[in-house]
Amino acid sequence: MGALSGPKQDRSRATRQRLLEAAISCLSEYGWAGSTVSVVAERAGVSRGAAQHHFPTREDLFTAAVEYVAEERSAALRSVVAAASPIVGPARRYVVVTELVELYTGPLFRAALQLWVAASHDHSQLRERVTALEAHVGRETHRMAVELLGADERIPGVRETVQGLLDMARGLGLATLLTDDRARRRRVVEQWLRILEGALDR
């Protein structure tokens, strides 16, 4: 019995994982309104019944998706740390800033944004989970940015400058939803690097 339950549990976990990945993909492509349980199930390659076995309601599915997005964004943030770790000097700050901007301009951020919009009109469990998890991700991102940039927040203005960097990255992510603005984004990032250098090296 136990030997049989292992593969079955593995298949169940794999199905759940596919559904969560499909939910994020659908949110990023179709938005909240277009991301129904049926659409997600089709994208995941499972039946609607199988999807509802794991997530009985749409709210259950996307509440779990909120947590999955938070975990994946945290993992992406850790990859920023890994990318920057072996680099020193001014090049390190360039890598950190560009990687942080990429974090806010990729599909995970687009999916998170759709969840924010949905949660802003929702007063149930979804809104609570989005608010709590976004606060957690925001704190973790700020902490990591401070550490990676070597910022001393005891210096007046440094904390606000780091937060401004993250707000700028978020704004670039919003702009990317509508247009491919890589050229403008590069100029903005270069200017923020100059601002950071001035603030952090005082």
Side-chain angles (χ1 to χ4, degrees), residues 13 16-32 35 40 54-85 92-93 95-154 157-177 189 192 196 199-200:
R13 280 193 291 268
R16 178 184 171 87
Q17 179 77 7
R18 287 205 309 275
L19 284 165
L20 290 173
E21 290 174 354
I24 301 312
S25 176
C26 289
L27 277 171
S28 182
E29 289 184 34
Y30 308 132
W32 173 255
S35 298
V40 171
H54 287 274
F55 305 104
T57 68
R58 187 179 188 227
E59 185 176 87
D60 291 332
L61 172 61
F62 285 101
T63 298
V66 170
E67 296 173 356
Y68 183 71
V69 168
E71 290 166 5
E72 289 297 295
R73 289 171 72 198
S74 293
L77 188 59
R78 288 191 291 274
S79 75
V80 174
V81 176
S85 292
R92 179 183 174 91
R93 286 178 181 165
V95 169
V96 170
V97 170
T98 54
E99 289 288 336
L100 284 170
V101 169
E102 286 297 317
L103 190 65
Y104 280 102
T105 54
L108 282 174
F109 177 75
R110 288 197 297 273
L113 181 61
Q114 296 295 339
L115 289 168
W116 296 355
V117 173
S120 70
H121 299 289
D122 186 289
H123 296 282
S124 63
Q125 187 181 9
L126 181 65
R127 183 170 189 163
E128 292 175 8
R129 293 302 296 155
V130 169
T131 301
L133 286 166
E134 195 54 41
H136 170 73
V137 172
R139 287 193 300 271
E140 185 176 4
T141 304
H142 184 93
R143 180 181 63 79
M144 287 288 193
V146 167
E147 179 183 329
L148 289 167
L149 292 166
D152 184 352
E153 293 194 305
R154 294 171 299 181
V158 167
R159 178 177 178 80
E160 291 75 15
T161 302
V162 173
Q163 191 58 56
L165 164 66
L166 298 177
D167 289 343
M168 177 273 295
R170 189 179 296 113
L172 291 175
L174 289 170
T176 303
L177 289 173
V189 168
W192 262 100
L196 276 171
L200 300 182

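Sequence positions, counted from 1, serve as the residue numbers for this chain.
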Practice problem: Just jot down the salt bridge (charged side-chain N to carboxylate O under 4.0 Å, His left out) partners of E21, sequence neighbours excluded, or say none. | Solution: none
Quiz item: Does T105 have any side-chain contact (heavy atoms from CB on, under 4.5 Å) partners at least two apart in sequence or in another chain, and if so, which?
Solution: V101, E102, L172, T176, R185
Practice problem: Considering non-hydrogen atoms only, spot the tightest contact between L61 and L19 and give its length. | Solution: CD1-O, 4.4 Å
Quiz item: Can you name the salt bridge (charged side-chain N to carboxylate O under 4.0 Å, His left out) partners of R154, sequence neighbours left out?
Solution: D152
Quiz item: With sequence neighbours excluded, what pairs up with E29 under the salt bridge (charged side-chain N to carboxylate O under 4.0 Å, His left out) test?
Solution: R43
Self-check item: With sequence neighbours excluded, residues passing side-chain contact (heavy atoms from CB on, under 4.5 Å) with A132
Solution: none
Self-check item: Where at least one partner belongs to residues 106-119, residue pairs that pass side-chain hydrogen bond (donor to acceptor under 3.5 Å, both in side chains), sequence neighbours excluded
Solution: S28-R110, W116-E134
Quiz item: Measuring from I24:CD1 to F62:CZ, what's the distance to the nearest 0.5 Å?
Solution: 7.5 Å
Quiz prompt | Results of side chain to side chain donor-acceptor pair (under 3.5 Å) for R143 - residues two or more places apart only | solution = none
Quiz item: Does L174 reach the side chain of Y104, with side-chain heavy atoms less than 4.5 Å apart?
Solution: no
Exercise. Starting at CG of L149, measure out to CG of L100 and round the result to the nearest 0.5 Å.
Key: 7.0 Å
Quiz item: What residues, two or more places apart in sequence or in another chain, satisfy salt bridge (charged side-chain N to carboxylate O under 4.0 Å, His left out) together with D60?
Solution: none
Self-check item: Test side chain to side chain contact (heavy atoms under 4.5 Å, CB included) applied to V146 and E153, step by step
Solution: CA-CA 8 Å; V146 167; E153 293 194 305; 3.5 Å; yes
Practice problem: List for me each residue that meets side-chain contact (heavy atoms from CB on, under 4.5 Å) alongside Q163, sequence neighbours excluded, and say none if there are none. | Solution: H142, L166, D167
Exercise. List the atom of L20, the atom of F55, and the distance in Å for their closest heavy-atom pair.
Key: CD2-CZ, 3.9 Å
Self-check item: Contact check, side chains of R16 and Y68, non-hydrogen atoms, under 4.5 Å
Solution: no
Quiz item: Once you round to the nearest 0.5 Å, how far does CZ of R170 lie from CG of L113?
Solution: 10.5 Å
Exercise. Only counting residues at least two apart or in another chain, list the ones meeting side chain to side chain donor-acceptor pair (under 3.5 Å) with R18.
Key: none
Quiz item: Considering all heavy atoms of both residues, which atom of A151 and which atom of L200 are nearest to each other, and what is their separation?
Solution: CB-CD2, 3.6 Å
Quiz item: Do V117 and W32 pass the side chain to side chain contact (heavy atoms under 4.5 Å, CB included) test, and can you show the C-alpha distance, the side-chain angles, and the key distance before you say yes or no?
Solution: CA-CA 8 Å; V117 173; W32 173 255; over 6 Å; no
Practice problem: Go through the steps to decide whether E99 and L148 satisfy the test side chain to side chain contact (heavy atoms under 4.5 Å, CB included), and finish with yes or no. | Solution: CA-CA 11 Å; E99 289 288 336; L148 289 167; over 6 Å; no
Practice problem: Using side chain to side chain donor-acceptor pair (under 3.5 Å) as the criterion, list what pairs up with H136, not counting sequence neighbours. | Solution: none
